Amino acid sequence: MKPKVSVIVPVLNREKLVIRCLESIKRQRVRPYELIVIDNGSADGTVNAVTQWMLSNGGTRMKMHIHEEKRRGACRARQKGLENAKGDFVLFFDSDDEMEPELIAESIKNADSKIDIVCWKCRINLLNGGKKVSPFDPDHPVENHLIHSLLRPQGYMVRRDYLIKRGGWEKNLKVWNDYELGLRLLIGNPKIKGINKILATIHSQKDSITGKDFSHKEGEWEKILQEMEHENNSGNHPEKKNIGKIITYREIILAAHYAKEGNKSAANRLYLSAIKKASSSDKALLRIAYYYTRRGGRGIWRLLRHLYI
């Protein structure tokens, strides 16, 4: 029997964008079992727009529900959707973005009874008009996620029972909540199937919750990395040592971004903390990564990875 897929769309003040997302779900060659929209306290006409769309599309052969989560936060909205989902798999999709017509069909085709996570490529439309596709390597999911965010919400579906077993969404995280959850899922050693196709388009937004720089939420990013370090230290993943090293590398890169933004105190604090944890042989590599990134360089991981892990 083919698995049932629940698509969960959290939304906040996206009256002018959410219908584009919903229409892309409607255009699926194989419709999901259900569509769950979670309004996170919208103050515009979002709820009315979604409600009217659902009323107009009642014959689309998928169950449709709209729920409210008054407590602000994408994690809280996504967790509310998870609590109401009935499908075998759940797919969290942002209200700004679009599915390719084959997404549900391809994901179902690749989800047998032994698979916990199915993932695929995403196209990212940048604010400057450019486009990019992040490196996709599901055969090395931990490294791929920690460096390139393999398990971004638009890029995978996960077996509902497995997600619940791994704790669901951490409701109190303000930034990088999908990044933290992705590592927590991977530390549990799931069975993963990758689809080497672009099946979703992410539209970058000026009012993204993560903002345009790191300094405006100084400290929040570090909390996520510290939580991920704690989760890694508490687990028994075969790549535990390398996971810890990559998290330290991400601290160094974050410090470099603080420095680029002129936030010298945050940069120095985080840089010294990360360097202190590194082995003697790794310190030089991390210093190279820091100064290269601080001066505007990109892609340093490709140059250092074989020396560092």
Side-chain angles (χ1 to χ4, degrees), residues 5-22 24-25 32 34-44 46-47 49-50 65-85 87 89-99 117 119 122 124-125 127 134 145 149-158 160 163-164 166-186 200-214 216-228 231:
V5 178
S6 298
V7 175
I8 299 168
V9 180
V11 61
L12 172 63
N13 295 331
R14 286 291 189 258
E15 177 184 5
K16 297 181 180 180
L17 293 174
V18 66
I19 300 304
R20 178 179 66 186
C21 172
L22 299 181
S24 77
I25 298 171
E34 63 181 350
L35 166 64
I36 301 173
V37 176
I38 306 295
D39 181 69
N40 201 201
S42 296
D44 61 359
T46 294
V47 173
V50 172
H65 317 277
I66 182 168
H67 300 282
E68 183 180 29
E69 175 52 74
K70 293 183 178 180
R71 297 171 298 173
R72 287 290 180 89
C75 287
R76 294 183 184 278
R78 289 169 179 154
Q79 185 64 22
K80 178 87 169 191
L82 175 60
E83 292 167 358
N84 283 276
F89 283 83
V90 288
L91 193 170
F92 298 92
F93 208 80
D94 286 355
S95 59
D96 310 317
D97 304 323
E98 294 179 88
M99 295 182 178
I117 295 173
C119 57
C122 295
I124 303 174
N125 290 343
L127 291 175
S134 294
H145 178 70
S149 297
L150 173 70
L151 298 187
R152 63 184 81 236
Q154 307 88 337
Y156 75 103
M157 72 176 189
V158 57
R160 179 170 57 90
L163 176 54
I164 292 171
R166 298 301 299 162
W169 292 89
E170 173 53 63
K171 298 177 182 179
N172 297 316
L173 301 184
K174 298 179 181 179
V175 299
W176 280 354
N177 44 74
D178 53 329
Y179 188 53
E180 180 273 337
L181 175 61
L183 179 61
R184 187 152 33 91
L185 291 174
L186 293 172
T201 297
I202 298 171
H203 297 281
S204 300
Q205 302 295 328
K206 292 181 179 179
D207 59 346
S208 169
I209 190 171
T210 54
K212 296 180 180 180
D213 59 39
F214 290 95
H216 78 292
K217 290 187 177 179
E218 177 188 337
E220 295 296 335
W221 319 98
E222 294 93 314
K223 288 179 183 177
I224 298 299
L225 294 174
Q226 290 167 7
E227 177 63 23
M228 292 167 69
E231 291 164 358

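Worth saying up front: this structure is predicted, and the values here are computed from it rather than measured.
- Looking at heavy atoms from C-beta onward, W176 lies in side-chain contact with L225 at the 4.5 angstrom threshold.
- A donor-acceptor contact shorter than 3.5 Å links the side chain of S24 to the backbone of C21.
- Looking at S95 and R20, their side chains never bring a donor and an acceptor atom within 3.5 Å of each other.
- N40 places a side-chain N or O within donor-acceptor distance of the main-chain N or O of G73, the cut-off being under 3.5 Å.
- A donor-acceptor pair shorter than 3.5 Å cannot be found between the side chains of T201 and E98.
- Judged by distance alone, the side chain of S6 and the main-chain N or O of V90 form no donor-acceptor pair under 3.5 Å.
- Here the side chain of H67 pairs no donor or acceptor atom with the backbone of I36 at under 3.5 angstrom.
- Shown are R14, Q154, H203; of these, the side chain to side chain donor-acceptor pair (under 3.5 Å) with D96 is made only by R14.
- The closest donor-acceptor contact from the side chain of R76 to the backbone of R71 lies at 3.5 Å or more, if one exists at all.
- In this structure, D39 contributes its side chain and S42 its backbone to a donor-acceptor pair below 3.5 Å.
- Using a 4.0 Å cut-off between charged side-chain N and carboxylate O, R184 and E180 make a salt bridge.
- Ionic pairing of E220 and K223 is present here: one or more N-O contacts between side-chain nitrogen and carboxylate oxygen are shorter than 4.0 angstrom.
- Considering only heavy atoms from C-beta on, H145 comes within 4.5 Å of Y179 through its side chain.
- Side-chain contact between L150 and C119: present, with at least one pair of heavy atoms (C-beta onward) separated by less than 4.5 Å.
- Side-chain atoms of N84 come within 3.5 Å of backbone atoms of K80 as a donor-acceptor pair (strictly under, hydrogens ignored).
- For D178 (side chain) and L181 (main-chain N/O), no donor-acceptor pair under 3.5 Å exists by modelled atom type.
- Taking 4.5 Å as the limit, every side-chain heavy atom of I38 sits out of range of all side-chain heavy atoms of H65.
- The main-chain N or O of G41 is found under 3.5 Å from a side-chain atom of R72 such that the two form a donor-acceptor pair.
- Rounding to the nearest 0.5 angstrom, the gap separating the CG atom in L163 from the CZ atom in F89 is 11.5 Å.
- A donor-acceptor contact closer than 3.5 angstrom links the side chains of N177 and R78.
- In this structure, the side chains of L12 and T46 stay at 4.5 Å or more apart for every pair of heavy atoms.
- In this structure, the side chains of V47 and V11 stay at 4.5 Å or more apart for every pair of heavy atoms.
- E222 places a side-chain N or O within 3.5 Å of a backbone atom of G219 that can act as its donor or acceptor partner.
- No side-chain heavy atom of I202 sits less than 4.5 Å from a side-chain heavy atom of D94.
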